[in-house]
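Heads up: numbering here begins at 1 and tracks the sequence.
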Amino acid sequence: MLAVLCVFACSNAKCDAMTEGKLPQKEMPSDAGAISKPDSLTIALCHQSNEKDEDSGWRVPFMQAVSRGAGAALSAGGIHGVRLRIGPCPEEMRFEYCYSKTGMFACREEEVGRLLMSAAWAAALVSVRERDDRSKAVALGDVGGGDLFELSNAVEKGEQEFDRLLTIWADEGNWTREELRAGLTIVKRIVAAESDASDKEAGSADVELELYRVVSGYVFSFVVGHELLHYAADRCMLSDSSELERTGEFERLLKLHGQNGLLCSLEPLLTTEVLADRCAYRTAATFDSALQRKKTSLPHWKIMLGRRLAVDILSWALAYGPGSPGRSSYTDDMRFLRAGTPGYMHNPLRVVGFARSIRGRDATTDGKEREIICEDSARVAVIQLNRILAFCAGADSRSEVVASVRNGQPMLVNELGVDLPGGVSEAWRTGVFVEESTFSCR
C-alpha cells in the first residue's frame, strides 16, 4: 500500500536485520510469473460512506493515467484493460491514496483526482509562463508541488476560494490574476480532452495535454506500480531488474535507511513494502524508457521539466498523505509533514529512488547533469532528513538538533549530493540555508 501500515510477522533476528535496511534474501518472493486473474484490472474507485456517489470528472482520466503509467506492467501481467467499480471504500482502507491486496485494488476518488489536477496545473502553468518568457518556463522555479496542490484544493473548494487564492498570489507578485485564470481554462480543456478521447475541441491545448500526460504518467507509474505488487500476491509483474537494481543503487538506499545510527528505522522495514517500491521503480523506469522511444512533439526541456514536476507532486503527496494541503503548510502545518511511514523506507529515500529511476539517458543539458529533486521536493527532503537525524540522535534541545544535523552532513552530501541542488550540499556543509538559492533548480 502506498502509505498504509501493514501487519508483518517476523522473528526478532529478521526484524533486526530489516531495521538496519537489509532484506532477508530467503524471504524475498520470486518475481517470476503472475497469479491467475481476469484479463482486465478492476479498481474500486471509492469514497467515504458519507460522501455522495457523484462523478468527480476524473474517473476516465484516472483510467487513462493508470493505463499510461503502468501499461507495460499490466501487459506483462496479462492485463489488457482497466475498469472501475464505484462505491464506498473498503473498511481496511484508512489513510492512503490507494490500497491493495491479493486480487483487490482500491483508490480514493478525491485523492487521485487531486494528483491528476496537480499534474494538469503543472502543464497549464508551464504553458502560461512560456507565452511570457520561455526561459522562465524552462525552470518554472516559482512553482512546486505545494503550489500545485494549493491550486487544486482551491478549485475543488469553489470559485470563492479560488478567487481568494488569486488575490494572494497576485499580491506576491509572481503571477497575475489573468495568468492564473488562463491556467484554469487550460486545466479544464485538459480534463475535457482526457475524459473524451473523441473530443476534437482540444485545439491549442494539445501541447499542454501531452505534457500533462507525461507528468501524470510518471506519478501514476509509481503509485500503480507499487500497488500492483500487492494485487498480484506480492509478485512484480515486471520481472526484469531495473538499472537502479543492476547498479546497486537500490541496495545502497536500503543501507542508507539505517546508516551508522545517523538515519535509523522508525520501525522494522516491511519486506512487502520494500519490494513494492522496487516494483514501482521498475514501472517508472519502463514508462520513462517508453517515453524516450516515443515520437513526441514536446521539446527535450519540457520532458525534463515534466520529470521534475512529477517528483515534486509525488514528494508532496508522500510527505503529507491524503488531504495534502498547499504550500502554506511550510509554516502553518509543518508538524504534519511526515518523514516516513513505519515499515517503509524514509520518504526522502523513496523519492530519490523514484527520481533516479526516471532520470533517463537524456538527463544532461550542455554536458551537465540536471537534478530533478529541487524546489519543493528538495525543501521537503531536507526538512525530513534533518528531522530523522535529530530523532535518531535523540536530540531534544535546539543545540542537540543542530549537532545531529552537522554530524550527518558528510554522509548526506556523499550519498545524496548528486540528487539535490548544489545549494543543498553547500548548506549542509555550512549550516546556512538561503531560501532563494539553496533549493532552486539550475
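By the 4.5 Å heavy-atom criterion applied to side chains, L148 and I313 are counted as neighbours. A 4.5 Å side-chain heavy-atom check between R387 and Q384 finds every atom pair outside the cut-off. Put simply, the side chain of V274 does not reach to within 4.5 Å of the side chain of R278, judged on heavy atoms. At least one side-chain heavy atom of M345 sits under 4.5 Å from a side-chain heavy atom of L253. Between F105 and L228 the shortest side-chain heavy-atom distance falls below 4.5 Å. Looking at heavy atoms from C-beta onward, L254 lies out of side-chain contact with L349 at the 4.5 angstrom threshold.
Scanning all heavy atoms of the two residues, the minimum distance from M237 to G77 falls at SD-CA, 3.8 Å. Nearest heavy-atom pair across Y99 and E92 is OH-CG, 3.1 Å.
Residues passing the side chain to side chain donor-acceptor pair (under 3.5 Å) test with E91, sequence neighbours excluded: none. The side chain to side chain donor-acceptor pair (under 3.5 Å) check on E415 picks up R252, with sequence neighbours excluded. Considering only residues two or more places apart in sequence or on other chains, E426 meets the side chain to side chain donor-acceptor pair (under 3.5 Å) condition with none of them. Looking at residues two or more places apart in sequence or on another chain, you find no ring-ring contact (aromatic ring centres under 6.0 Å, His included) involving Y212. Every residue two or more places apart in sequence or in another chain that forms a side chain to side chain donor-acceptor pair (under 3.5 Å) with T247 is listed here: E249.
Among residue pairs with one or both ends in residues 114-124, those qualifying as side-chain hydrogen bond (donor to acceptor under 3.5 Å, both in side chains) are E110-R114, E111-R114, R114-N153, R114-E156, S118-S152; sequence neighbours excluded.
Disulfide check for C46/C107 fails, with the SG atoms at least 2.5 Å apart.
F354 and Y281 have their aromatic ring centers separated by at least 6.0 angstrom.
Checking side-chain atoms of Y218 against main-chain N and O of A284 turns up no donor-acceptor pair under 3.5 Å. The backbone N or O of S100 lies less than 3.5 Å from a partner atom in the side chain of E227, making a donor-acceptor pair. In terms of modelled atom types and a separation under 3.5 Å, the side chain of D312 and the main chain of S377 share a donor-acceptor contact. In this structure, the side chain of H257 engages the main chain of H346 through a donor-acceptor pair within 3.5 Å. With hydrogens and angles disregarded, no donor-acceptor distance shorter than 3.5 Å links the side chain of R379 to the backbone of F439. Judged by distance alone, the side chain of D234 and the main-chain N or O of T272 form no donor-acceptor pair under 3.5 Å. Checking side-chain atoms of R177 against main-chain N and O of A170 turns up no donor-acceptor pair under 3.5 Å.
Between K302 and E210 there is no salt bridge, since no side-chain nitrogen of the basic residue lies less than 4.0 Å from a carboxylate oxygen of the acidic one. Taking 4.0 Å as the cut-off between side-chain N and carboxylate O, D240 and R282 do not count as a salt-bridged pair. A salt bridge does not link E243 to R356: none of the charged side-chain nitrogens sits closer than 4.0 Å to a carboxylate oxygen.
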Next item on the list: Check step by step if side chain to side chain contact (heavy atoms under 4.5 Å, CB included) holds for N174 and V143.
Entry: CA-CA 10 Å; N174 290 328; V143 172; over 6 Å; no

Next item on the list: Report the C-alpha distance between S216 and R68 in whole Å, list the side-chain angles of each, state the deciding distance to 0.1 Å, and finish with yes or no for side chain to side chain contact (heavy atoms under 4.5 Å, CB included).
Entry: CA-CA 9 Å; S216 61; R68 187 177 300 119; 4.1 Å; yes

Next item on the list: Could you please spell out the steps behind the salt bridge (charged side-chain N to carboxylate O under 4.0 Å, His left out) verdict for R181 and D163?
Entry: CA-CA 9 Å; R181 285 286 180 191; D163 192 69; 3.5 Å; yes

Next item on the list: Assess whether side chain to side chain donor-acceptor pair (under 3.5 Å) is satisfied between E245 and S242, documenting all intermediate values.
Entry: CA-CA 5 Å; E245 298 165 58; S242 66; 3.1 Å; yes

Checklist line | Derivation and outcome, salt bridge (charged side-chain N to carboxylate O under 4.0 Å, His left out), residues R359 and D419 | finding: CA-CA 10 Å; R359 184 177 295 278; D419 300 287; 3.7 Å; yes

Checklist line | Check against salt bridge (charged side-chain N to carboxylate O under 4.0 Å, His left out), R308 and E375 | finding: CA-CA 9 Å; R308 198 271 284 177; E375 302 300 342; 5.4 Å; no

